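Below is one structure, written out as structure tokens, with a few remarks after it.
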Amino acid sequence: MFKANGNYLKLPGDYLFSTVASKIQGYCEANPEAAGRIVRLGIGDVTQPLAPAIVEALHSAVDEMAAVETFHGYAPDLGYDFLRQAIAQHDYAVRGADIAPDEVFVSDGAKSDSANIQEIFSADARIAVCDPVYPVYVDSNVMAGRTGVFDATTGLWSNVVYMPCTRENDFAPALPSPDADISIIYLCFPNNPTGAVIDKERLQAWVDYANEHGAVIIYDAAYEAYITNPALPHSIYECEGARTCAIEIRSFSKNAGFTGTRLGYTVVPRDLKDADGVSMHDLWARRHGTKFNGTPYIVQRAGMAVYSEQGARQTGEQIAFYRENARIILEGLRAAGYEVSGGANAPYIWLKTPDGMTSWDFFDLLLAEVQVVGTPGSGFGPSGEGYFRLTAFGSRESALEAVSRIKGL
Ligand SMILES: *Cc1c(COP(=O)(O)O)cnc(C)c1O
């Protein structure tokens, strides 16, 4: 009799968002008159439609697909040159980061890339993650058999190095000890869920650590478009030495509304070599060529529009809109006496629950008393206990309404 992959069986259920959904449903059934009042600030999805320049590019690419002379079949595995060049120019060269177009691997999004990238590392590579964390990094390593077992009491996996992100370190982790024996370090800045950022000096210290200890940093920069502070790096390749120790993952989801259109990319520099001199660039190209058949032409054309003058202006306005939501929530709650962070260069606001309440108790309180929904911080890891995540991706009305209701609690 066949057997399932035992690594998958180690995974606890994905309780966070299903528990949130079932609690909302339970509330609505018990209080049908209040159901229409619910304000949702738990969503990690954008709500603004695709910008006109992007829609126009999509339409004209679809027309190309309809004529034999301009039809496109399989896209190149690693992405069309036009997009790889635009990315190297607009996302890297202009920031002084030295990345060649053929070091850019176009994909269907950052979630799949951040889950798949672990495949090109040794099965016994030890990983380090922030706590709290975007769950994909850990779960993909569990599936690959790179972790021990999950301890439901502590909420931690064995054989994973956790780097607590707390108010004491401004939610940016301290460097691991020199003898931690870590191969892969996952970092995400601006951060989901905390909205924390890292300045160039501190990121440089991570790059130096990785180079010194033979580790690689997987840098998830999905939220770089939300950075306004000029002192903050948008890319890890703004740091010296990052070409020999870092892989960067980016997405068009949060800067241009591609959550349902699907486009992202991963940068693997040619200088990134393992202990035996193996090129990780070549391995990722091999992996892409075998397991991925390219991002659709029409989507890559839509992605090009993000770099056009009009597209950049229009998506910039959308980001500014979400950023203003974040400011309203952050400043409103701060004025009401809450301890809040993030929200300045990120679309997430990280709120300390009042009176030492647990994350879930605060969730229940907000739902029952003011019908505002957020995400319990403990769902992202044990260091998230006592915190609560609110997102800026809703409407202006919902941001204003949520703040005014929470103030009135
Ligand atoms: C939303 C998000 C992504 C983007 O994923 P896509 O698959 O490109 O939509 C990546 N990383 C983090 C941390 C995110 O929150």
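Values reported hereafter were calculated over all heavy atoms of this structure, with side chains retained and with hydrogens, waters and symmetry mates removed. Since the model is a prediction, treat every value here as computed from it, not as a measurement. Indexing begins at 1, ligand by ligand and atom by atom, following the structure's order.
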Note to self: As an exercise, identify every atom of ligand 1 less than 4.0 angstrom from a heavy atom of S251.
What the structure shows: 4 (C), 6 (P), 8 (O)
Checklist line | Under 4.0 Å to a heavy atom of G109 - the qualifying atoms of ligand 1, by number | finding: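 Those of ligand 1 that fall under 4.0 Å from G109 are 7 (O), 8 (O).
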Margin query: What verdict does the ring pair (Phe, Tyr, Trp, His ring centres under 6.0 Å) test give for Y387 and F171, after you've listed the backbone C-alpha separation in whole Å, the side-chain angles of each residue and the deciding distance to 0.1 Å?
Written below: CA-CA 12 Å; Y387 286 88; F171 305 100; 5.6 Å; yes
Check for a donor-acceptor pair, side chain of [X] on one end and backbone N or O of [Y] on the other, with a separation under 3.5 Å.
X	Y	value
Y297	M65	no
D45	T259	no
S383	C165	no

With only distance considered, is [X] within less than 3.5 Å of ligand 1 through an N or O on each side?
X	result
A222	no
S253	yes
N192	yes
D108	no

So is [X] close enough to ligand 1, meaning a heavy atom under 4.0 angstrom away?
X	answer
C188	yes
D220	yes
F252	no

Next item on the list: Verify whether one side chain among N159 and T147 offers a donor that lies under 3.5 Å from an acceptor in the other.
Entry: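 No - no donor-acceptor pair under 3.5 Å links their side chains.
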Nearest protein heavy atom with distance in Å, relative to [atom]:
atom	result
atom 7 (O) of ligand 1	R262 NH2, 2.6 Å
atom 5 (O) of ligand 1	K111 N, 3.5 Å
atom 15 (O) of ligand 1	Y223 OH, 2.5 Å
atom 1 (C) of ligand 1	K254 NZ, 1.3 Å

Note to self: To the closest 0.5 Å, what do you measure between CZ (F321) and OG (S395)?
What the structure shows: 6.5 Å
Item checked: Contact list for residues 304-321, test side chain to side chain donor-acceptor pair (under 3.5 Å), sequence neighbours left out -> D91-Y307
Next item on the list: Give the C-alpha distance, both sets of side-chain angles, the deciding distance and a yes or no for salt bridge (charged side-chain N to carboxylate O under 4.0 Å, His left out) between E324 and R327.
Entry: CA-CA 5 Å; E324 175 64 7; R327 191 194 64 77; 2.8 Å; yes
Next item on the list: Just say parallel, tilted or perpendicular for the rings of W284 and H288, cut-offs at 30° and 60°.
Entry: tilted
